[in-house]
Amino acid sequence: MSECDAIVEQLLRARKIVIFTGAGISAESGIATFREKMTGFWEKYDPADFASMSRWNENHKMVWAWYEARRANVMDANPNNAHKAIARLQEAIEARVGYPVAIEVVTQNIDNLHERAGSKRVMHLHGSLFKPRCSYCDAPGYFYHEAPDHDATSVEPPPCLECGGPIRPGVVWFGEKLPSDEFERAKDLARECDVMLVIGTSGFVYPAAMIPFLAVDNKKYVATINPEVTLKKNMIACHWAETAANALPKIIDKIVNE
Ligand code: BJW
């Protein structure tokens, strides 16, 4: 049986499905994965270095400019066929099986491409590029620039309207706690689901990387979709070595047409 057939068979038996995504799902929308170089000025910088409180404390303007360049990239990008297929998945399965199924998207991504593709319930474990907040008092922040600049290398973050502190990117940096509600809910889903599809993540970064392991420990059907092997093959039920935007439409096609 092909990997696609095996995954479809499980999806059609499931009542609760978790789609767990990482940067690879947005790669075919033109968004660099976390472990790839960005283009232009930012090419020479290591993302892991910028995604840290110490870099922010050292240079607010440069870190803010880096995140503004990334926000600009995401605003210019469009959801790809993987995001779109995931948004259609629930309806496609329900039409085939005739009873309601629940699909939850848990993403490590800070872009908004799942939402823009039409997914209704999306949990962001590492925050969002579009939800800045005050670095002093946590009040919701705002942007100076509706159309952020791809090329600026130093941008003053706006001041908080409550306390005047600098607004920071609404993302989770290394050493910071994940948003508790989202993380607790993601762990519950990993324990409760029938099927988890793990798409486009290296599984390097904890504690998010424990979510698939939690599903495996609870004897759930876990399949990875990634050109690279990221979880040991003997731990998971299926690894499909394919890109997300090629694989997901094939899954939908089989559910709808076969
Ligand atoms: C495709 C594809 C296609 C390509 N189709 N697939 C040692 C051991 C264990 C843990 C630690 C340790 N030392 C430190 C830690 C903890 C640390 C950590 O995990 N570090 C590791 C690097 C080792 N974690 C933390 O610090 C976390 N917080 C924490 O632990 O807090 C403790 C605490 C408790 C109580 C109070 C206070 C604190 C926080 C982690 C936050 C991570 N944030 C980032 C940055 C977000 C903002 C930003 O983007 O700038 O989140 S890091 C970065 O990695 C980003 C991503 O969401 C995350 C995961 O990356 P992802 O999505 O897997 O992307 P890639 O690039 O790694 O992989 C892409 C994959 O796609 C590849 O597999 C490709 O093959 C594939 N692919 N094309 C399908 N077309």
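Every number for a ligand or one of its atoms is a count from 1 in the order of the listing. Hydrogens, waters and symmetry mates play no part in the numbers below; they use all other heavy atoms, side chains included.
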Can you find a protein heavy atom closer to [atom] than 4.0 Å?
| atom | result |
| --- | --- |
| atom 15 (C) of ligand 1 | no |
| atom 54 (O) of ligand 1 | yes |
| atom 29 (C) of ligand 1 | yes |
| atom 11 (C) of ligand 1 | no |
| atom 21 (C) of ligand 1 | yes |

Give the single entry among [options] that approaches [atom] most closely by any heavy atom.
| atom | options | answer |
| --- | --- | --- |
| atom 75 (O) of ligand 1 | Asn226, Val198, Thr224 | Asn226 |
| atom 34 (C) of ligand 1 | Arg70, Met210, Lys177, His124 | Lys177 |
| atom 57 (O) of ligand 1 | His126, Glu36, Glu176 | His126 |
| atom 2 (C) of ligand 1 | Gly24, Pro47, Gly22, Pro169 | Gly24 |

Which side-chain N or O atoms in residues 98-105 pair as donor and acceptor under 3.5 Å with protein atoms at least two apart or in another chain?
unit_1: Glu104; atom_1: OE1; unit_2: Arg121; atom_2: NE; d: 3.4
unit_1: Glu104; atom_1: OE2; unit_2: Arg121; atom_2: NE; d: 3.4
unit_1: Glu104; atom_1: OE2; unit_2: Arg185; atom_2: NH2; d: 3.1

With heavy atoms and a 4.0 Å threshold, my read on which part of Ile110 contacts ligand 1 is side chain
The answer for which part of Ala27 has a heavy atom under 4.0 Å from ligand 1 is side chain
Ligand-residue contact atoms, ligand 1 with [X], heavy atoms, under 4.0 Å:
| X | result |
| --- | --- |
| Glu28 | 3 (C), 5 (N), 80 (N) |
| Thr230 | 73 (O) |
| Gly175 | 25 (C), 26 (O), 37 (C), 38 (C) |
| Val171 | 47 (C) |
| Glu228 | 75 (O) |
| Gln108 | 57 (O), 59 (C) |
| Thr201 | 61 (P), 63 (O), 70 (C), 73 (O) |
| Tyr67 | 47 (C), 48 (C), 50 (O) |

| query | Does NZ or CZ of Arg168 lie under 6.0 Å from the centre of the six-membered ring of Trp173, at an angle within 45° of the ring axis? | reply | yes
**Asked** Between Arg35 and Phe204, is NZ or CZ placed under 6.0 angstrom from the six-membered ring centre and within 45° of the ring axis?
**Response** no
In this structure, atom 70 (C) of ligand 1 is nearest to the protein heavy atom Gly200 O, 3.5 Å
The protein heavy atom nearest to atom 62 (O) of ligand 1 is Ala23 N, 2.8 Å
- Item | Full working for side-chain hydrogen bond (donor to acceptor under 3.5 Å, both in side chains) between Asn73 and His150 | CA-CA 7 Å; Asn73 284 347; His150 288 269; 3.1 Å; yes
> Hey, does Pro169 have a side-chain heavy atom less than 4.5 Å from the side chain of Leu129?
Replying inline: no
Sequence neighbours excluded, the answer for salt bridge (Lys or Arg N to Asp or Glu O under 4.0 Å) partners of Arg13 is Glu9
Where does the angle between the aromatic ring planes of His114 and His83 fall among parallel (under 30°), tilted (30 to 60°) and perpendicular (over 60°)? perpendicular
If the plane angle is over 60° it's perpendicular, under 30° parallel, otherwise tilted; pick one for Phe50 and Tyr45. perpendicular
Worksheet entry | Full working for salt bridge (charged side-chain N to carboxylate O under 4.0 Å, His left out) between Arg71 and Glu68 | CA-CA 5 Å; Arg71 188 165 69 94; Glu68 284 293 82; 2.8 Å; yes
